[in-house]
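The structure appears right after this line, and notes come after that.
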There are 2 protein chains.
Amino acid sequence: MAAAGINKNIEIWIIEDNVSYRRTLLGLIERTKGMSCSQVFSSCEEAINKFEDADAPEIILLDIGLPGMSGIQGIEKFKTLSPQTHILILTVYDDNDNVFEALCAGASGYLLKDSSPEKIIESIKEVLAGGAPMNMKIAHKVLEIFTRFKPKKNDYGLTEREKEILQQMVAGLTKQQIAEKLFLSFHTVNTHLKNIYNKLHVNTRSGAVSKVYKENLL
Amino acid sequence: MAAAGINKNIEIWIIEDNVSYRRTLLGLIERTKGMSCSQVFSSCEEAINKFEDADAPEIILLDIGLPGMSGIQGIEKFKTLSPQTHILILTVYDDNDNVFEALCAGASGYLLKDSSPEKIIESIKEVLAGGAPMNMKIAHKVLEIFTRFKPKKNDYGLTEREKEILQQMVAGLTKQQIAEKLFLSFHTVNTHLKNIYNKLHVNTRSGAVSKVYKENLL
DNA sequence: AACCAAATACCACGAACGCGTGATTGATAC
DNA sequence: GTATCAATCACGCGTTCGTGGTATTTGGTT
């Protein structure tokens, strides 16, 4: 596995539009034994062009927020052009969508830009060793995403009627509208709502709706 | 919760049927400063019983291949009994199914038994810091699982600021609370909220929150 | 320099909400 | 046979929301 590091340098490309950060990365790579950065780009498009007359690198350090084609789109393109190339995301975005999309698209790791230089070097090695380096924060998000795939049946002891009312609330209806739709008195809906709040340990509509989705109730 | 490490030891339970490995773990924990293992079990059932007359621990080190109830089932049970308890899987199984199920069920981390003692201690700390420690191998499998999914994405031209405010609303905060949290005037939040409603074509908090989840905004 | 979108801030009003406290009925359980 | 609990309905109080406005500042385009 580490064979590459013995005879020749690990070939790395950098795609990063921020000039100073790009320079920082380049410096870091170049002064690390066993690694070398032959190409730097500020957009995916440029890198894609280079694939024609240059050998594919072993690693691409890739930003997500890029001018033109986004890093996410880039991943897919690079993976088609050179499936064996590992792509290590290095970005400021840590929202669930970007993380999810990047990993779905085939990224081999996901780091945030506040990672220390040592962490970055270490992660590159980890990728080559078949790992999947991630920030603590990112790893946590990954698990969060996982738990969403598993329908929890944590009822909180909600009654059928309460669930019914919760559904209407999730749909965005007001208490009065719910009452009309379910042929109830406004006061009844009010009471149910209070009980729901108690059971779910929330005290706002948004909190309740949020809990419904997060924990897959109903 | 993070204050726990300052004044008292991190409370850890071990559930592991292999006597010698259990002893190894126990020894490791007990000789680590700031951690203490008050309970060891060889099955989930025993641990579940103890939940009644003992305080829930901060961490459970959990094996998967157990007599009786499997570790996977155990996770769900423990998470119901004590949602704030972190469960760290420590097992020999590294097949996709077990990994996937465990993480779906709510495990906070997944280590293989060949992990070094230092790695285990480090992982416990990482879990408490909100991370999700995984072996290189496991992390790689997690990414593999991810590549099997491929969803959509949507945006209603929401501003970054608007998304930020939407996030707080999803968390169940009131306008006033959001204003305080983001160091804004109440009126500003109000304005943003109006714009958000317009963009999402809703006119209630619940409707907005609902849309966020249904269409995977943020 | 002109322009524009985004972020910020303010006001006022009627509608809706959250919450405490209460009651009545009917079914199920012990 | 009485205890429990879901479901229904009721009132009032103070708070928050949704919506109609207006307006300033700022950063980026043109």
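Residue numbers begin at 1 in each chain, while the letters A, B, ... track the order of the sequences. Any value given below was found using the heavy atoms of this structure, including those in side chains, with hydrogens, waters and symmetry copies removed. Note that this is a predicted model, so its numbers are computed, not measured.
When the C1' atom of dA15(C) is taken as reference, atom CZ of F186(A) falls 10 Å away, rounded to whole Å. Rounded to a whole Å, the NE2 atom of H201(A) is 14 Å from the P atom of dC19(C). When the P atom of dA6(C) is taken as reference, atom NE2 of H187(B) falls 23 Å away, rounded to whole Å. The separation between E160(B) atom CD and dT8(C) atom C1' is 17 Å, rounded to whole Å. The separation between Q176(A) atom CD and dG14(C) atom C1' is 15 Å, rounded to whole Å. Rounded to whole Å, the distance from CD1 on I178(A) to C1' on dA16(C) is 12 Å. With rounding to whole Å, F183(B) atom CZ is found 13 Å from dT8(C) atom P. Atom CG of N190(B) is separated from atom P of dG21(D) by 15 Å (rounded to the nearest Å).
Taking the side chain of T204(B) as heavy atoms from C-beta on, and the options dA9(C), dA6(C), dG18(D), the nearest nucleotide is dG18(D). Distance from the side chain of R161(B) is smallest to dA7(C) among dA7(C), dA7(D), dG18(D).
Side-chain atoms of K194(B) stay outside donor-acceptor range of the base of dG18(D), with no qualifying N/O pair under 3.5 Å. At a cut-off of 3.5 angstrom, the base of dT19(D) holds no donor-acceptor pair with the side chain of N203(B).
Distance check: L193(A) CG to R205(A) CZ gives 6.0 Å after rounding to the nearest 0.5 Å. Going from atom CG of L61(A) over to atom CG of L26(A) covers 10.5 Å, rounded to the nearest 0.5 Å.
Using a 4.0 Å heavy-atom distance criterion, S185(A) is classed as a sugar-phosphate-only contact. Across all strands shown, Y197(B) has heavy atoms under 4.0 Å from sugar-phosphate atoms exclusively, and none from any base. Contacts of T191(A) with the nucleic acid, taken as non-hydrogen atoms under 4.0 Å apart, include base atoms. N195(A) comes within 4.0 angstrom of nothing in the nucleic acid, heavy atoms only.
Ring geometry for Y213(A) against Y213(B) counts as parallel: the plane angle stays under 30°, on a 0 to 90° scale with 60° as the upper cut.
Nearest-nucleotide assignment on DNA chain C puts the 5′-proximal partner with E162(B), out of T174(A) and E162(B).
Between dA9(C) and T188(B), a contact under 4.0 Å exists linking OP1 or OP2 to a side-chain N or O. Dashed line: the shortest gap from a side-chain N or O of H192(A) to OP1 or OP2 of dT8(D) is under 4.0 Å. Listed pair R205(B) / dT16(D) fails the phosphate criterion, with no side-chain N or O lying under 4.0 Å from OP1 or OP2.
Remark: of the listed residues K113(A), R22(A), R23(A), K113(A) is the sole one forming a side-chain hydrogen bond (donor to acceptor under 3.5 Å, both in side chains) with E16(A).
Looking at T91(A) and Y110(A), their side chains never bring a donor and an acceptor atom within 3.5 Å of each other.
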